[in-house]
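Chain letters run A, B, ... following the sequence lines, proteins first and then strands; every chain starts at 1. Everything numeric in this text was worked out from a predicted model, so none of it was measured.
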2 protein chains.
Amino acid sequence: MSERKPRKDAARNRAAVLAAADELFARRTSPEDEVTMADIAAAAGVGKGTLFRAFGDRTGLIHALYEARVEPIRNAVEEGPPPLGPATPPLQRLPALLDAILCFKLDNRHLALALEGTGSDSPYQAGHYDRWHALLQAVLEQIPGLTDSDFTAHVLLAATRADLVEHLVGQRRLPPEGLRAQLASFTTKVLGSPALPGSPAEQIHS
Amino acid sequence: MSERKPRKDAARNRAAVLAAADELFARRTSPEDEVTMADIAAAAGVGKGTLFRAFGDRTGLIHALYEARVEPIRNAVEEGPPPLGPATPPLQRLPALLDAILCFKLDNRHLALALEGTGSDSPYQAGHYDRWHALLQAVLEQIPGLTDSDFTAHVLLAATRADLVEHLVGQRRLPPEGLRAQLASFTTKVLGSPALPGSPAEQIHS
DNA sequence: GTACGATTCGGACCGAGGGTCCGTTTCGAT
DNA sequence: ATCGAAACGGACCCTCGGTCCGAATCGTAC
């Protein structure tokens with residue numbers, strides 16, 4: 001049971017598609033024109049068939065893109081140094097995690113929007129959500145005096161949803177740093193501890 | 001500048017469409033088949049043209065449905081007795097409001113899902129959102145010692161989003177009362193007061 | 001009751017976008 | 001060089017929101 005190695009052209013095309021799609025999602029200035037599959041195929045210089053064979057469907061492609069983008073953060077979270085890494089004390093790690101997630105959505109608004117806008121009750125279908133949720137829940141559980149870690153994790157994630165971020169930063173012109181600060185302050189409120197007035201910690205924020 | 005009274009058949013058809021659409025959204029057992037405009041037209045026994053002339057577009061129809069459904073709650077909130085009405089002290093009113101919103105989404109899952117799934121950064125486009133947000137913000141502002149009432153209101157509303165509710169209750173089989181209790185407990189946590197262990201108050205919950 | 005303009009009806013039609021099919025091309029192993 | 005397997009690509013299909021316009025209906029004036 002193993003992966004048969006893909007043919008050279010297949011690999012090249014897959015990479016080209018990822019690059020083109022990434023480009024298209026990133027370049028998108030505000031307006032409301034969708035990134036279409038045909039667009040991506042054209043930009044990558046391949047046929048639509050290739051694109052669907054490589055990724056299955058639109059969701060698959062977006063997941064692949066997303067995966068590539070979050071990988072650095074995942075690494076930092078799973079084996080990196082504090083404040084994101086596992087060695088960080090929970091009370092400090094939780095705000096750091098949320099800030100990292102928020103920064104990611106700020107940096108990849110259109111991609112995150114596309115990811116969360118897939119299907120009808122996404123983003124809760126995507127495996128990514130379950131991972132983040134499990135992580136947050138685990139961290140919350142290590143904090144004494146907190147209850148409902150499951151629901152709390154859901155709400156904290158809901159506070160970073162792409163469309164909310166887009167609404168606040170894109171439409172209502174709230175500066176990103178302001179949003180980060182508000183999320184941080186909200187988080188400390190939820191954690192129940194008296195807010196320590198430090199800034200939300202340096203993040204990757206490529 | 002006034003409303004020319006509509007023709008009789010127009011009024012009848014409009015009502016028929018609303019009834020049919022309501023029915024379709026309500027009847028929908030779990031499966032993932034979309035309610036389509038053609039479906040609604042067929043169920044109402046009218047042509048698609050009629051439907052679009054009466055409501056403009058899909059969004060308009062869903063808004064009209066939503067409006068009809070929330071009206072009782074709006075009334076209760078704007079001029080009803082405590083715990084929803086304006087005479088209620090803020091610390092008590094806020095959980096009641098959130099519980100009412102949550103109950104509404106529980107009772108109208110498919111409709112709420114359709115409403116929030118419209119466009120790409122909905123539900124923040126719908127005028128309803130702004131109204132709820134303004135109300136929550138105003139109530140929060142009356143509570144001394146709270147900051148960031150704007151952002152807090154956004155997060156509390158995010159905690160009641162239709163797709164989250166659907167995920168928890170529909171997929172993960174969390175019983176509705178459990179969700180209500182968790183939201184209530186989360187709310188009191190956010191309000192910063194020591195949780196008083198009362199149940200989430202009787203609601204309309206038709 | 002009838003005539004007639006204004007309004008509404010309704011379903012054929014359109015365009016966009018996701019996804020499929022299959023004849024053609026390219027790969028890479030022998 | 002040969003040949004089977006894998007990948008290519010774009011024409012094609014389908015669904016769905018939305019439009020159009022000739023036909024049907026309404027309501028008013030007489």
Side-chain angles (χ1 to χ4, degrees), chain A residues 2-21 24-25 28 31-65 110 113-120 122 125, chain B residues 2-21 24-25 28 31-65 110-111 113-120 122 125-126:
Chain A
S2 58
E3 309 279 310
R4 305 212 57 75
K5 67 159 67 173
R7 246 167 60 170
K8 193 177 47 178
D9 52 350
R12 179 172 40 75
N13 279 335
R14 182 184 171 92
V17 167
L18 279 175
L24 284 186
F25 277 113
R28 278 250 266 134
E32 193 39 57
D33 41 359
E34 274 293 326
V35 173
T36 177
M37 293 281 115
D39 289 345
I40 297 173
V46 304
K48 268 174 59 176
T50 301
L51 188 155
F52 279 97
R53 195 168 331 95
F55 298 98
D57 59 6
R58 183 182 167 84
T59 305
L61 170 53
I62 293 178
H63 278 172
L65 270 175
H110 302 300
L113 224 36
L115 179 73
E116 297 183 11
T118 294
S120 70
S122 299
Q125 235 116 321
Chain B
S2 58
E3 310 277 309
R4 306 209 54 75
K5 69 160 66 173
R7 244 168 57 172
K8 192 177 47 175
D9 52 350
R12 180 173 38 75
N13 280 333
R14 182 185 171 93
V17 167
L18 280 174
L24 285 186
F25 277 113
R28 278 252 267 136
E32 192 40 58
D33 41 356
E34 273 292 327
V35 173
T36 178
M37 293 309 239
D39 289 345
I40 297 174
V46 304
K48 270 175 57 179
T50 302
L51 188 155
F52 281 97
R53 191 165 338 90
F55 298 98
D57 58 7
R58 183 182 167 84
T59 305
L61 169 54
I62 293 178
H63 277 173
L65 270 175
H110 302 300
L111 175 58
L113 224 36
L115 179 73
E116 296 182 11
T118 295
S120 69
S122 299
Q125 236 115 324

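- Taken to the nearest 0.5 Å, the CG atom of A:Leu24 stands 10.0 Å off from the CG atom of A:Leu65.
- Between atom CD1 of residue B:Ile62 and atom OG1 of residue B:Thr118 there is a gap of 4.5 Å, rounded to the nearest 0.5 Å.
- Distances shorter than 4.0 Å separate some side-chain N or O of A:Asn13 from OP1 or OP2 on D:dC8.
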**Item:** Test side-chain contact (heavy atoms from CB on, under 4.5 Å) applied to B:Val35 and B:His110, step by step
**Value:** CA-CA 9 Å; B:Val35 173; B:His110 302 300; over 6 Å; no
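- Following rounding to the nearest Å, A:Asp57 (CG) and C:dG17 (C1') show an atom-to-atom distance of 14 Å.
- Summarising the geometry, the separation between CG on A:Leu51 and P on D:dC8 is reported as 10 Å, rounded to the nearest angstrom.
- Atom CD1 of B:Ile40 and atom P of D:dG18 are 11 Å apart (whole Å).
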**Request:** Scan nucleotides 19-30 of chain D nucleotide by nucleotide, 5' to 3', and note B when protein non-hydrogen atoms come under 4.0 Å of the base, S if they reach only the sugar-phosphate, - if neither.
**Result:** BB----BSS---
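- As judged by a 4.0 angstrom heavy-atom cut-off over every strand, B:Thr50 is placed among the base-contacting residues.
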**Prompt:** Stepwise, does the side-chain contact (heavy atoms from CB on, under 4.5 Å) test hold for A:Phe55 with A:His63?
**Reply:** CA-CA 9 Å; A:Phe55 298 98; A:His63 278 172; over 6 Å; no
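- Of the side-chain N and O atoms in B:Thr36, one or more sit less than 4.0 angstrom from OP1 or OP2 of D:dG17.
- Residues passing the side chain to side chain contact (heavy atoms under 4.5 Å, CB included) test with B:Asp57 are B:Thr59, sequence neighbours excluded.
- A:Leu113 contributes atom CG, which lies 9.5 Å from atom CZ of A:Phe25 (distance to the nearest 0.5 angstrom).
- Of the candidates C:dT8, C:dG18, D:dG17, the closest approach to any side-chain atom of A:Met37 belongs to C:dG18.
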